[in-house]
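Remarks on the structure that follows.
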Amino acid sequence: NAGVTQTPKFRILKIGQSMTLQCTQDMNHNYMYWYRQDPGMGLKLIYYSVGAGITDKGEVPNGYNVSRSTTEDFPLRLELAAPSQTSVYFCGARQGGDTIYFGEGSWLTVV
Amino acid sequence: AQSVTQLGSHVSVSEGALVLLRCNYSSSVPPYLFWYVQYPNQGLQLLLKYTSAATLVKGINGFEAEFKKSETSFHLTKPSAHMSDAAEYFCAVSDQGNDMRFGAGTRLTVKP
């Protein structure tokens, strides 16, 4: 059982480029999340989804977009990469009030 | 929206000493509360959770936490620290709804 799978694990982007971080879960959980983690700041919620076709902004949505066409997939899109988006990104899945199960993270550097 | 505050970005204890990591929450409704641990270059692993059952919650690796509504606190403790406990610890709160908010984290160092 893979749980939550994120790809790529590492990526270097140039300023202004775009890319998509992929997230897939095989637990059939309704809720999915994207967080970013910066040193000393904890995890900040970017976007979340309570089910296919429904997404909502979190604390720091600017510069990102998401879609949720299926229960399994929740990709995060960066349209115009900026150095401020250099971070570690974590995707997670959750069922009801239970814990969030996280992927292993994606390290993104924008230069 | 709900929030958590973790008091102390760094905590250092000696091996065998008590570990106490502090977390205070803010929520307009009875919250669900969580503690996660993160080892270097890894993802987050659930230590324990409170979801309105017993107020004293026991988790993995000998950790426990007590929900105190009057103090809006959910502090994490372990009676005797081990070298392998060195990691970063995150408290998180959910308002039983959709999202979950995390604290800034506390880095625990264990001295031999």
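All figures in this text were calculated on a predicted structure; none of them were measured in a lab. In what follows, chains are A, B, ... by sequence order, proteins preceding strands, each numbered from 1.
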note = Smallest heavy-atom separation, A:G40 atom then B:A104 atom, equals O-CB, 3.7 Å
inquiry  = For the CG atom on B:L18, are there more than 12 heavy atoms of other groups (residues, nucleotides or ligands in this structure) within a distance under 6.0 Å?
reply    = yes
message = Does any backbone or side-chain atom of A:D98 lie under 4.5 Å from a heavy atom of chain B? Answer side chain, backbone, both or neither.
response = both
inquiry  = Tell me whether the count of non-hydrogen atoms from other residues, nucleotides or ligands lying under 6.0 Å of CD in A:E59 goes above 12.
reply    = yes
ask   = Contact part of B:S9 toward chain A, heavy-atom cut-off under 4.5 Å: side chain, backbone, both or neither?
value = neither
query = Would B:Y39 and B:V13 show up in the same hydrophobic cluster when neighbours are defined by side-chain heavy atoms closer than 4.5 Å?
reply = yes
note = Whatever's closer than 4.5 Å to a heavy atom in chain B on A:Y35 counts as side chain
key: A:K14 atom NZ, neighbour heavy-atom count above 12 within 6.0 Å   = no
request  = Decide whether A:L13 and A:V60 are clustered together by the hydrophobic rule: side chain heavy atoms of Ile, Leu, Val, Met, Phe, Trp, Tyr closer than 4.5 Å, transitively.
outcome  = yes
key: Least distance between heavy atoms, B:L44 atom then A:F102 atom   = CB-CD1, 3.9 Å
query = Is there a chain of hydrophobic side chains (I, L, V, M, F, W, Y, each step under 4.5 Å between heavy atoms) that links B:V4 to B:Y89?
reply = yes
inquiry  = Ignoring hydrogens, what is the shortest heavy-atom contact between B:Q38 and A:F90? Give both atom names and the distance.
reply    = NE2-CZ, 3.5 Å
ask   = Could you give the distance from OH (B:Y36) to OG1 (A:T99), rounded to the nearest 0.5 Å?
value = 2.5 Å
ask   = If you group Ile, Leu, Val, Met, Phe, Trp and Tyr by side-chain heavy-atom gaps below 4.5 Å, do B:L46 and B:F102 land in one group?
value = yes
note = So, the part of A:Q37 with a heavy atom under 4.5 Å from chain B: the answer is side chain
Same apolar cluster: A:V4 and A:L21, side chain cutoff 4.5 Å = no
task = Could you grab the distance from atom CG of B:D99 to atom NZ of A:K57, nearest 0.5 Å is fine?
result = 14.5 Å
Main-chain N/O of B:M100 paired to A:Y48 side chain as donor or acceptor, under 3.5 Å = no
query = Do you know which of A:L45, A:I100, A:V50 has the most heavy-atom pairs under 4.5 Å to chain B?
reply = A:I100
